[in-house]
There are 2 protein chains.
Amino acid sequence: MSAEASDQVGGSGAGRSAHPVRRGPEVARRPTMVDVARHAGVSIKTVSRVINNEPNVQQQLIDRVLASVAELGFRRNHLARTLRSGQSTATIGLIIEDLANPFYSTIAAIAAEAAAQHETLLITASSEEDPQREQQLLRDLCSRRVDGLLVVPAGYDHSYLRPEVEMGTPVVFLDRPAGGLLADTVLLDNRGGAQAGVRRLVEHGHRRIGILLDSVAVYTMRERVGGAQEALAAAGIGYDERLVAEGVHDPDTAAAAVAGMLAADEPPTAFFSLNNRITVGVLQELWRRKSQVEVVGFDDFELSFLMPQRFTVVSYDTRQLARTAVDLLFQRIAGERSWPRTVTLPTTLVERGLS
Amino acid sequence: MSAEASDQVGGSGAGRSAHPVRRGPEVARRPTMVDVARHAGVSIKTVSRVINNEPNVQQQLIDRVLASVAELGFRRNHLARTLRSGQSTATIGLIIEDLANPFYSTIAAIAAEAAAQHETLLITASSEEDPQREQQLLRDLCSRRVDGLLVVPAGYDHSYLRPEVEMGTPVVFLDRPAGGLLADTVLLDNRGGAQAGVRRLVEHGHRRIGILLDSVAVYTMRERVGGAQEALAAAGIGYDERLVAEGVHDPDTAAAAVAGMLAADEPPTAFFSLNNRITVGVLQELWRRKSQVEVVGFDDFELSFLMPQRFTVVSYDTRQLARTAVDLLFQRIAGERSWPRTVTLPTTLVERGLS
DNA sequence: CCACCCCCTGACAACGTTGTATCGAAGGCC
DNA sequence: GGCCTTCGATACAACGTTGTCAGGGGGTGG
């Protein structure tokens with residue numbers, strides 16, 4: 001039926017010279033609603049109505065359209081739909097440091113799950129701690145018109161996101177605060193957790209506590225160091241820089257740092273490590289030495305309960321962190337217009353390791 | 001300049017009745033190229049040229065356009081761009097079981113990294129082992145016109161993907177083969193790995209080997225069980241169903257299964273566990289009993305080297321698995337048309353645990 | 001018998017961008 | 001000086017979909 005209109009798409013005039021090649025032996029163009037409409041002998045709008053389950057279409061036509069859809073293998077182009085209707089893209093973006101890190105993959109898993117509940121997909125990207133890359137990724141996501149952004153910030157300045165926020169792309173920051181931008185933020189009580197950890201060691205009589213950390217360039221580390229120092233000061237213990245090792249990036253350097261401190265005069269009688277990678281290295285070295293020096297480490301980790309020595313972790317609920325952030329984000333997406341909130345989640349001390 | 005054309009977009013006639021509300025006090029519409037063009041006093045195509053760094057634009061106009069872009073906070077709409085030019089969306093999709101599982105998050109990390117190298121973003125989704133959900137997600141991704149798909153299949157039938165593949169959306173399967181669809185596939189040598197693991201135990205003189213597995217409903221488990229049985233048969237050891245525990249889903253049930261087997265007459269002198277969750281449970285129970293029964297487990301895992309007892313893992317390179325799959329996918333996206341390949345990656349036996 | 005209304009369907013424009021054709025002006029050559 | 005080329009910029013259509021409106025047909029009530 002209506003076999004015309006197959007090539008006179010140009011309309012008015014001089015339509016012949018257009019697309020001299022595109023109509024060639026194209027391997028397999030994706031069928032569009034136009035193709036379906038032609039195949040079913042109905043108008044394109046009727047196809048649209050059937051696809052979208054809109055009312056007021058004869059059952060007979062519905063069947064014909066659905067048959068054509070099945071036969072041609074039609075699949076609605078979600079991009080065109082979004083463009084035309086101005087509706088949401090049903091996509092959110094997540095920027096983290098490194099997907100392979102369990103902390104971040106837990107966040108990603110929660111975000112994906114929540115997204116699925118809102119019939120939304122999740123674009124995940126790793127900034128690799130590079131502010132430049134972070135900015136590039138965020139721009140990219142915005143240009144794809146995501147409905148919202150979850151960001152574990154790597155950079156210090158996020159003011160370039162202000163236009164996006166004002167134009168309706170909500171952003172929620174996790175684990176670290178944003179710089180130069182007022183936005184919802186969900187943090188852990190790094191400072192309080194470190195205070196509690198050191199306080200525990202002080203209560204057990206320790207006066208010489210070795211502190212191992214990665215780098216104070218990262219916000220969380222600064223907070224944790226600050227908390228530890230506050231707890232020491234509150235106990236009247238002075239700062240001894242020989243008991244602080246910075247630049248401990250992995251288990252091996254942690255083990256080396258422990259060995260170095262223990263070999264010194266007046267060695268520490270306890271260690272406070274500021275993340276779980278360091279904790280693993282500390283435990284490994286202490287096990288090697290059959291030493292029973294007491295350990296408190298920030299961050300719990302999988303299988304910590306199977307470590308060969310008793311120790312204490314400053315634990316927190318990563319899933320709750322993520323869930324809180326995602327909930328905030330979807331509230332914003334749903335139209336929430338209240339003043340941005342900052343939520344800080346508590347930490348707890350937990351005993352780990354085989355007795 | 002050219003201050004007209006601001007409201008006569010309708011053109012021909014009766015343009016007044018359209019959008020009586022949309023032009024209202026809209027909070028903050030995203031600026032488009034039309035807005036930029038108006039602001040800079042040039043045509044929309046000139047804006048397009050500047051944005052895309054196309055030649056043949058006066059420096060003076062370039063500056064004016066860029067200034068307007070900055071002032072209005074314009075960001076190109078990537079969806080519209082894709083729609084018009086028919087180009088790629090610069091997006092790939094990844095379907096896995098569960099992002100929080102380190103095996104899958106490693107795959108996701110590699111995929112994201114490779115995607116970034118191709119200036120592509122990654123949409124990640126978890127099927128939660130539900131074939132229905134998997135199909136829904138794949139449809140969703142296709143309707144967003146992703147350039148390619150990486151799938152750890154949950155279902156048994158993927159023939160519904162054939163139209164998509166034929167219309168140019170390449171699919172690569174990881175870890176498990178697809179059903180009813182010829183496509184690139186990257187697998188681990190589950191069968192060979194299990195054979196090697198059991199053979200090692202047999203060589204150490206064991207004749208009664210307890211085998212613990214989750215469920216044979218999963219392809220990888222079937223392969224591993226098959227390999228184990230082949231190795232036993234090759235050693236002339238008959239099948240004893242009392243030495244096989246199925247339905248071991250987590251460390252706790254694994255521990256219980258171990259306890260049950262050890263309490264029986266003729267207890268096993270060694271265990272072969274078919275995934276790392278089970279291995280952890282086995283080790284935990286053996287440590288509790290101070291038992292030195294030998295253990296071989298499929299899958300290495302983080303901190304396995306810190307487990308309180310020596311054991312052996314069937315190890316493999318998850319990153320290589322992912323890298324191989326992503327490489328295949330991007331070759332397809334680049335236009336590779338060769339016959340689909342299946343790659344099987346080797347496993348190795350590795351000693352783990354503290355001595 | 002006519003007016004009216006409801007149900008169904010189709011024509012057309014529009015979303016924001018890019019490809020193509022076109023057009024005016026400037027410049028070089030005969 | 002006239003013609004051709006090249007540069008710089010514009011107008012217009014098109015990508016695939018949905019919102020709006022108009023129109024045809026049939027039933028119902030006055």
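Chain identifiers are assigned alphabetically (A, B, ...) following the order of the sequence lines, protein sequences preceding nucleic acid strands; residue numbering begins at 1 within each chain.
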Residues A:D327 and A:Q331: side-chain donor-acceptor under 3.5 angstrom: no
Gap between atoms CE and P, on B:M33 and D:dC12 respectively (whole Å): 19 Å
Polar contact flag, side-chain donor to acceptor under 3.5 angstrom, B:D147-B:T120: no
Distance-only donor-acceptor test, A:R49 side-chain atoms vs C:dG10 base atoms, 3.5 Å: yes
Phosphate OP1/OP2 of D:dA9: any B:Q58 side-chain N/O under 4.0 Å: yes
Sugar-phosphate, base or nothing in reach of A:L61, heavy atoms under 4.0 Å: sugar-phosphate
Listed nucleotide nearest any side-chain atom of A:E54, set D:dG19, D:dT17, C:dT17: D:dG19
Side-chain donor/acceptor of A:R144 to backbone N/O of B:T89, under 3.5 Å: yes
Exercise: identify the closest heavy-atom pair between A:D157 and A:G180: OD1-CA, 4.4 Å
Carboxylate-amine/guanidinium contact A:R75 B:E164, below 4.0 Å: yes
Sugar-phosphate, base or nothing in reach of B:S48, heavy atoms under 4.0 Å: base
Distance test, side-chain N/O of B:S85 to OP1/OP2 of C:dT18, below 4.0 Å: no
Any B:N56 side-chain nitrogen or oxygen under 4.0 Å from OP1 or OP2 of D:dA9: no
Residue pair A:S143 / B:H78, side-chain donor-acceptor N/O under 3.5 Å: no
Distance-only donor-acceptor test (3.5 Å): side chain A:R81, base D:dT17: no
Presence of salt bridge, B:R30 and B:D35, under 4.0 angstrom: no
C:dT17 base / B:R84 side chain donor-acceptor hit below 3.5 Å: no
Length of the line joining B:I44:CD1 and C:dC15:P, which is rounded to integer Å: 11 Å
Sugar-phosphate, base or nothing in reach of A:R76, heavy atoms under 4.0 Å: sugar-phosphate
d(CZ, B:R30; P, C:dC15) in whole Å: 16 Å
A:T46 vs C:dG10: side-chain N/O to OP1/OP2 distance below 4.0 Å: yes
A:R75 CZ - D:dT17 P separation (whole Å): 12 Å
Gap between atoms CZ and P, on A:R145 and C:dC15 respectively (whole Å): 14 Å
Interatomic distance where NZ belongs to A:K45 and C1' belongs to D:dT20 [whole Å]: 9 Å
Integer-rounded Å distance: D:dG16 P and A:L79 CG: 11 Å
Proximal nucleotide (of C:dC15, C:dA11, D:dC15) relative to the A:S43 side chain: C:dA11
Angle of first-five versus last-five pair axes in the helix from C:dC1-D:dG30 to C:dC30-D:dG1, to 10 degrees: 60°
Length of the line joining A:N77:CG and D:dT18:P, which is rounded to integer Å: 10 Å
Selection residues 132-171 of chain B - residue pairs positive for ring pair (Phe, Tyr, Trp, His ring centres under 6.0 Å), sequence neighbours left out: B:H158-B:F173
